[in-house]
Amino acid sequence: MNEKELLTKAVENGNRNDAQCLTRVLLEQGLAPLEIVEQALMPAMAVVGEKFKTGEIFVPEMLIAARAMKEAMVLLEPLMTKAGIKPKYTAVIGTVQGDLHDIGKNLVAMMWKGANFGVVDLGVNVPPDRFVAAVKEHNPHLIGLSALLTTTMPAMRTTVAAVRQAGFTSVKILIGGAPISEEFAREIGADGYSPDAGSAVDGAKKLLAN
Ligand code: B1M
């Protein structure tokens, strides 16, 4: 295995020390930061997402892999910013108003970062007008809404309506969370639904390709 492949494996296995060391080695070898992201880190997170989707790994393994990726990104992000390299897509994500659950939302944010999306995380209990303000500020391609309570599902509807009423008709809105379904997404005018953090990457890419 070469260093790039070793880095992919290190992230997949959640080995943060190796992830940092190998990232340094690849930079020393002259690899561009974006190449490291695209050719070593993103493939690792794609495997992690797939394994999570199929139930081969669970939340702890996914968090550990994401943490290893973060260690590598700590070295790469400043170099990419300096070189003016921006992620292809920007996403704003948050848990809707009234809802404090953030573990699933954080996993989705991590997977999107792993797919090289720029992610603005608004946190939990986010009212519709904060989503609208964030769309104005960051001009994202994608909004991610998470809800874990049946009682906060209506806040998703209000948020989608607020974004559209503010005139942002082309930004894609992807929703998810335990009580959410494809049917509910359609009903409230969201563009898509993903059942888990692994498929949220494919779901987002599918929406953004249209
Ligand atoms: Co709460 N809680 N909780 N809770 N809690 C649930 C959700 C509940 C199902 C437990 C139960 O009764 N069996 C229940 C909801 C019932 C319902 O509405 N149908 C419930 C309740 C009732 C409550 C309170 C009201 C309890 C109370 O105070 N009486 C209260 C509400 C507080 C509030 O939000 N206002 C409450 C509080 C809490 C804690 C704060 C203690 C804690 C949250 C801590 C935190 O998040 N930082 C908590 C927890 C931990 C849970 C359970 C146990 C676990 C949730 C979790 O993190 N799962 C949960 C029961 C359960 O699920 N077994 C429960 C792991 C996580 C990885 O999964 O979040 O589903 P999940 O995310 C998945 C997918 O849903 C999807 O991808 C993720 C990864 O695969 N996904 C998306 C999520 N967001 C997505 C967005 C996308 C795409 C996919 O695109 C943008």
Side-chain angles (χ1 to χ4, degrees), residues 12 14 45-67 69-70 87 89-128 130-132 134-135 138 140-164 168 171-210:
E12 263 180 62
M45 293 311 277
V47 171
V48 169
E50 204 50 44
K51 285 186 176 169
F52 182 71
K53 250 192 323 195
T54 55
E56 204 178 315
I57 62 167
F58 299 98
V59 173
E61 290 95 331
M62 201 172 181
L63 288 172
I64 291 166
R67 203 176 52 184
M69 161 130 187
K70 239 184 194 165
Y89 298 118
T90 303
V92 162
I93 192 168
T95 303
V96 295
Q97 188 163 34
D99 202 318
L100 301 176
H101 296 84
D102 69 354
I103 300 169
K105 181 265 297 167
N106 291 346
L107 285 175
V108 174
M110 283 175 195
M111 291 309 293
W112 283 354
K113 283 182 190 163
N116 199 25
F117 288 17
V119 178
V120 179
D121 188 345
L122 302 179
V124 296
N125 189 21
V126 183
R130 267 197 61 214
F131 278 104
V132 172
V135 174
H138 301 286
H141 305 88
L142 178 70
I143 300 175
L145 304 179
S146 178
L148 260 288
L149 300 171
T150 44
T151 50
T152 55
M153 288 169 69
M156 276 189 164
R157 185 192 297 273
T158 322
T159 305
V160 172
V163 169
R164 297 305 184 214
F168 300 106
V171 61
K172 302 291 182 190
I173 305 181
L174 183 82
I175 67 172
I180 308 305
S181 65
E182 188 81 57
E183 194 190 352
F184 179 70
R186 259 198 308 273
E187 191 191 309
I188 65 168
D191 298 292
Y193 155 76
S194 289
D196 58 58
S199 47
V201 173
D202 298 338
K205 284 185 177 163
K206 212 167 110 192
L207 290 182
L208 295 168
N210 295 320

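Computed from a predicted structure; not experimentally measured. Note that ligands are numbered from 1 as they come in the structure, with each ligand's atoms numbered from 1 the same way. Just so you know, residue 1 is the first one in the sequence shown, and it goes up from there.
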Student: May I ask you to list the atoms of ligand 1 that are less than 4.0 angstrom from any heavy atom of Val59?
Tutor: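 Checking each atom against Val59, I get 67 (C).
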Student: Show which atoms of ligand 1 fall inside a sub-4.0 Å distance from at least one heavy-atom site of Leu174.
Tutor: 90 (O), 91 (C)
Student: Identify the closest protein heavy atom to atom 65 (C) of ligand 1: which residue and atom is it, and at what distance?
Tutor: Ile103 CG2, 4.4 Å
Student: Starting from atom 84 (N) of ligand 1, find the nearest protein heavy-atom neighbour and note its residue, name and distance.
Tutor: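 Of the protein heavy atoms, Ser146 OG, 2.8 Å lies nearest.
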Student: May I ask you to identify the nearest protein heavy atom to atom 78 (C) of ligand 1, giving residue, atom name and distance to one decimal place in Å?
Tutor: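 Closest protein heavy atom to atom 78 (C) of ligand 1: Gly104 CA, 3.7 Å.
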Student: Does any N/O atom on Ala197 come nearer than 3.5 Å to any N/O atom on ligand 1?
Tutor: yes
Student: Quick check: closest heavy atoms across Val96 and Thr152, and the distance to 0.1 Å?
Tutor: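 Scanning both residues completely, I find the closest heavy atoms to be CG2-O, 3.5 Å.
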Student: Give the contacting part of Leu107 toward ligand 1: side chain, backbone, both or neither, where contact means a heavy-atom distance below 4.0 Å.
Tutor: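 The side chain, only.
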Student: Taking 4.0 Å as the limit for heavy-atom contacts, which would you say applies to Ile175 with ligand 1: side chain only, backbone only, both, or neither?
Tutor: backbone
Student: Closer than 2.8 Å to atom 1 (Co) of ligand 1, how many protein N/O/S atoms do you count?
Tutor: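 N, O or S atoms of the protein closer than 2.8 Å: 1.
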Student: Does a side-chain heavy-atom distance below 4.5 Å link Ile180 with Met156?
Tutor: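 Sidechains of Met156 and Ile180: in contact.
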Student: Under 4.0 Å from a heavy atom of Gly144: which atoms of ligand 1 are those, numbered in the order shown and with their elements?
Tutor: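 Counting from 1, the qualifying ligand atoms are 91 (C).
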Student: What protein heavy atom is closest to atom 81 (N) of ligand 1, reported as residue, atom name and distance in Å?
Tutor: Gly177 N, 3.5 Å
Student: Side chain or backbone of Pro195 under 4.0 Å from ligand 1, or both, or neither, by non-hydrogen atoms?
Tutor: backbone
Student: Quick one: look up the protein heavy atom nearest atom 35 (N) of ligand 1 and list residue, atom name and how far away it is.
Tutor: Gly98 O, 2.9 Å
Student: Partners of Val108 by side-chain contact (heavy atoms from CB on, under 4.5 Å), sequence neighbours excluded?
Tutor: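 By the side-chain contact (heavy atoms from CB on, under 4.5 Å) rule, Val108 matches Ile93, Trp112, Ala197, Ala200.
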Student: Just to confirm my output: which protein heavy-atom neighbour is closest to atom 47 (N) of ligand 1, and how far is it?
Tutor: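 In this structure, atom 47 (N) of ligand 1 has Asp102 OD1, 2.7 Å as its nearest protein heavy atom.
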Student: Considering only protein heavy atoms, which is closest to atom 18 (O) of ligand 1, and at what distance to one decimal place?
Tutor: Thr150 N, 2.9 Å
Student: In the protein, which heavy atom is nearest to atom 85 (C) of ligand 1, and how far is it?
Tutor: Gly176 C, 3.4 Å
Student: Mark the output for Tyr193 as yes if a heavy-atom distance to ligand 1 is under 4.0 Å, and as no if none is.
Tutor: no
Student: Which residues pass the side-chain contact (heavy atoms from CB on, under 4.5 Å) test with Asp196, sequence neighbours left out?
Tutor: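 Asp196 satisfies side-chain contact (heavy atoms from CB on, under 4.5 Å) with Phe52, Lys53, Ser199 only.
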Student: Record the part of Asp99 in heavy-atom contact with ligand 1 below 4.0 Å; permitted values are side chain, backbone, both and neither.
Tutor: both
Student: Using a 3.5 Å cut-off on N or O atoms only, is Ser194 in polar contact with ligand 1?
Tutor: no
Student: For ligand 1, indicate whether the residue Thr151 contacts it via side chain, backbone, both or neither (heavy-atom separation under 4.0 Å).
Tutor: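 Neither; nothing of Thr151 gets under 4.0 Å from ligand 1.
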Student: Below the 3.5 angstrom mark, is there an N/O of Phe52, backbone or side chain, next to an N/O of ligand 1?
Tutor: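 Such a contact does not occur with ligand 1.
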Student: With heavy-atom distances below 4.0 Å as the criterion, list the atoms of ligand 1 near Leu145.
Tutor: 86 (C), 91 (C)
Student: For ligand 1, which atoms sit closer than 4.0 Å to a heavy atom of Asp196?
Tutor: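 The atoms of ligand 1 under 4.0 Å from a heavy atom of Asp196 are 76 (C), 77 (O), 80 (O).
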Student: Could you list the donor-acceptor pairs under 3.5 angstrom formed between side-chain atoms of residues 100-107 and any protein atom two or more places apart in sequence or on another chain?
Tutor:
from   : atom 1 : to     : atom 2 : distance (Å)
His101 : ND1    : Asp99  : OD1    : 2.8
Lys105 : NZ     : Asp121 : OD1    : 3.0
Lys105 : NZ     : Asp121 : OD2    : 3.0
Asn106 : ND2    : Asp102 : O      : 3.1

